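The block underneath contains the structure these notes are about, expressed in structure tokens.
Throughout, residue positions are numbered sequentially from 1 according to the sequence presented. Quick caveat, the model's predicted, so the values are computed rather than measured.
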Amino acid sequence: MNEDAIVLIFFVFCGGMLAQWVAWWFKLPAIVLLFSLGLLLGPGLELLHPSDLIGPMFHVLVSLAVALIVFEGGLALDFRQWQSAGEGVLRLTLVALPINWGLGASAAHYVGGLSWGPSCLFGAIIVVTGPTVVLPLLRHAKLRPRVAAFLRWEAIVNDPVGAILATLVLEILLMKPDEGSSAFFTALLPHLVVSSVVAIGLGVAGGWGVKQLFIHDLMPEPLKMPLLLTLAMTVYALGTLFMDGAGLMASTVFGMALANMRVPGLGELQRMKESLVVLIVSLLFILLTADLQRVVLQRLSWSILALTCAVIFVVRPLGIYLATLGSALSWRERVFVGWIAPRGIVAAAVAGVAGIRLSEAGFESAQLVMPAVFAVIGSTMLLHGFSLRPLARRLRLTLSDVPALAIVGANPWSRDLAQAVFRAGTPVTLVDTAARPLIPARRAGVPVLRAEMLSEAGAESLEERPADYLIATTPDAIYNGMVCAHLAPHFGRARVYQVSPGVARLDEYRGLSRDARGKVFGLPEWNFTLLETLYQEGWRFQALEVTMATLDAFLQARGDRLDFITLRPGAGISIHSAEDSAGTPPSAGDVVISLVPPRAPDAAAEAQPVKAIETAGSDAPAV
């Protein structure tokens, strides 16, 4: 194999995964690290030049990868979200887009010094807020559902629309002078309408076909995932044959059709596609930024810097302000959406092709389109990537600023556990399928949720609550395992726990499969029957604060109580499990949630129970 190809594979795959892991570990926006790594390997050290190495197929492969990304994004566009976010979504996709186009073109001409033709093209390109950037940021931001829906829908819907708009502007600019305006109405506009109809038809037909194959058991399980990926790329290719940008629309509509036609078995496949998209996004950002030529960066000037500032600080906020006048959006939501608008891969790809075509046609300042667009992409990635979470917290648009806990199953001892965690100041939600078991907890101020966690509605309702860890505490060990297995992709398999089903049922070979259950809550012998019996005998959960003065006595009295959870201020939640390696023992300042007997020994009692602490959202009603 060619040595350059080996270097490419090593740096792109290993570097991409390393950047994703570092971003997760240090809670940084992964997109920024990927973009920086590509700049370092490409224009910086000149180790990678993907287009030279791969050849003409490079941009084709990039386009297919983008099609898969917008397809996966379309799967997240459920029309049921319109109940709470419909007006805002319409304003961001239909009203804000033309306003931002006009303002962006004006800024490019009057601030950036571009001629009107390239300015109109620049304005069309920057209306796109790419899902390749927005979706990874949303996964880690813990935004309130309505705000997250605004940004998600805008990014995914505007992506193909912006690409089509840029293509249309480019075709108009490249029209021959003798063709006149009649060519627009007789050729371009009908072509646009036909291409859009074809793209929508391809997406809907593909979704309908997949549903028929799945519900009639005409497709074996191993072929379902390859089928979806193949169809996503096929509808993209067919749509692109009609018009550049129509392929992205077809892929997006295909994903939306599958999401809203309720195709059975799609949930499991979607999780695999999400993992695939994470890999694709990592590769694309490194490859595209590494492919930048130094000459493009050398064209950066003070006028382009001024244009970038105008786009970020004036064009986007003003466009969103005008588009949301008289809407039901709160001022916090308008400020947040007006600031957060990172551009991504589609903008980069369109700028690269369109800028070259305008330059070849002799348009003055056309060579500045690409550096101007990449300046906006890089700046928005850095500014919006690092500011999204802090700004959302400042505007109170996040679900919770600290790790939170969900407890599924309301019974006497689990209600007592929820109240102890709540009194310690940690957000907690108690969940049950019936209303009656939730009443005592609700009266005590603990947020509750009435829902079936194995249903789509239940899982979506829980996503709207602050929850980073889950404990299933019902008497049914099988149900607890199903809940943990169902919600593990959302929380992470290491963050779902269930009451022990009993020592015998934890056998690695004959017992409950680890893939079909959560981690054991506490020790294997601490099953539901034991906890229920201890509670009836007067044992109660307490939040015990450990201080320097009581630390030694607290550690020596471990055998006189059952320790389940350690709350570490500023470090999160540590749930005790026999299936974890030896955890870090409590230290001064920690709060331990323990089940203590009616008369705790003096050594354990030296750790004073924490007083009740009011928590935001304590008055949340049952749903």
Side-chain angles (χ1 to χ4, degrees), residues 400 402-407 410-430 440-441 444-447 466 468-471 473 495 497 499-500 519-528 530-578 580 582-616 618:
S400 174
V402 297
L405 178 66
I407 300 176
N411 53 70
W413 67 262
S414 68
R415 286 195 297 264
D416 191 49
L417 171 63
Q419 292 179 34
V421 174
F422 179 76
R423 287 193 296 268
T426 295
V428 61
T429 301
L430 184 62
V446 177
D468 301 278
Y469 297 83
L470 179 138
I471 305 173
T473 62
R495 292 189 172 198
Y497 297 79
V499 177
S500 173
K519 294 164 68 174
V520 174
F521 184 46
L523 298 180
E525 55 268 26
W526 297 354
N527 57 23
F528 185 92
L530 173 66
L531 297 178
E532 186 179 45
T533 301
L534 293 178
Y535 186 84
Q536 292 174 352
E537 293 176 356
W539 289 55
R540 292 294 183 268
F541 282 98
Q542 288 189 6
L544 306 177
E545 185 175 9
V546 181
T547 64
M548 288 296 297
T550 63
L551 178 58
D552 292 338
F554 184 85
L555 295 177
Q556 292 174 4
R558 284 180 176 177
D560 302 316
R561 64 182 188 273
L562 307 183
D563 295 339
F564 281 93
I565 302 173
T566 299
L567 307 177
R568 294 188 167 92
I573 300 174
S574 175
I575 299 178
H576 304 178
S577 173
D580 287 333
T584 305
S587 57
D590 290 347
V591 176
V592 180
I593 307 298
S594 302
L595 186 63
V596 299
R599 295 182 179 179
D602 294 340
E606 290 183 11
Q608 298 298 320
V610 176
K611 295 182 179 180
I613 301 175
E614 293 186 6
T615 305
S618 61

Residue pairs passing the salt bridge (Lys or Arg N to Asp or Glu O under 4.0 Å) test where at least one lies in residues 587-597, sequence neighbours excluded: Arg568-Asp590
Rounded distance (nearest 0.5 Å) linking atom CG of Leu417 with atom CZ of Arg540: 13.0 Å
Identified side chain to side chain contact (heavy atoms under 4.5 Å, CB included) counterpart of Val421 within the set Ile573, Leu430, Ile593, Ile471: Ile593
Leu544 side chain reached by Arg561 side chain, heavy atoms, under 4.5 Å: yes
Distance (rounded to the nearest 0.5 Å) between Leu405 CG and Leu470 CG: 7.5 Å
Any donor-acceptor N/O pair, Thr566 side chain to Val592 backbone, under 3.5 Å: no
Ser577 versus Tyr497, closest heavy-atom pair with distance: CB-CE2, 3.8 Å
Gap separating the CE atom of Met548 from the OG atom of Ser587, nearest 0.5 angstrom: 9.5 Å
Interatomic distance, Thr547 atom OG1 to Phe554 atom CZ [nearest 0.5 angstrom]: 10.5 Å
Gap between atom OG of Ser500 and atom NZ of Lys519 - 0.5 Å precision: 14.5 Å
With sequence neighbours excluded, residues passing ring pair (Phe, Tyr, Trp, His ring centres under 6.0 Å) with Phe564: Phe521, Trp526, Phe541
Minimum heavy-atom distance Ala441-Gln419, with the two atoms named: CA-NE2, 4.5 Å
For the student: nearest non-hydrogen atoms of Ala543 and Val591, plus distance: CB-CG1, 3.8 Å
Heavy-atom side-chain contact between Thr473 and Leu531 under 4.5 Å: no
Partner of Thr426 by side chain to side chain contact (heavy atoms under 4.5 Å, CB included), out of Val402, Leu567, Ile565: Leu567
For the student: nearest non-hydrogen atoms of Trp539 and Pro598, plus distance: CD1-CD, 3.8 Å
Approximate separation, where rounding is to 0.5 Å, of Ser574 OG and Tyr469 OH: 7.5 Å
Pi-cation contact, Tyr535 with Arg415 (under 6.0 Å, within 45°): no
Residues forming a side chain to side chain donor-acceptor pair (under 3.5 Å) with Asp416, sequence neighbours excluded: none
For Pro403 against Asp468, the heavy-atom pair lying closest together: CA-OD2, 3.3 Å
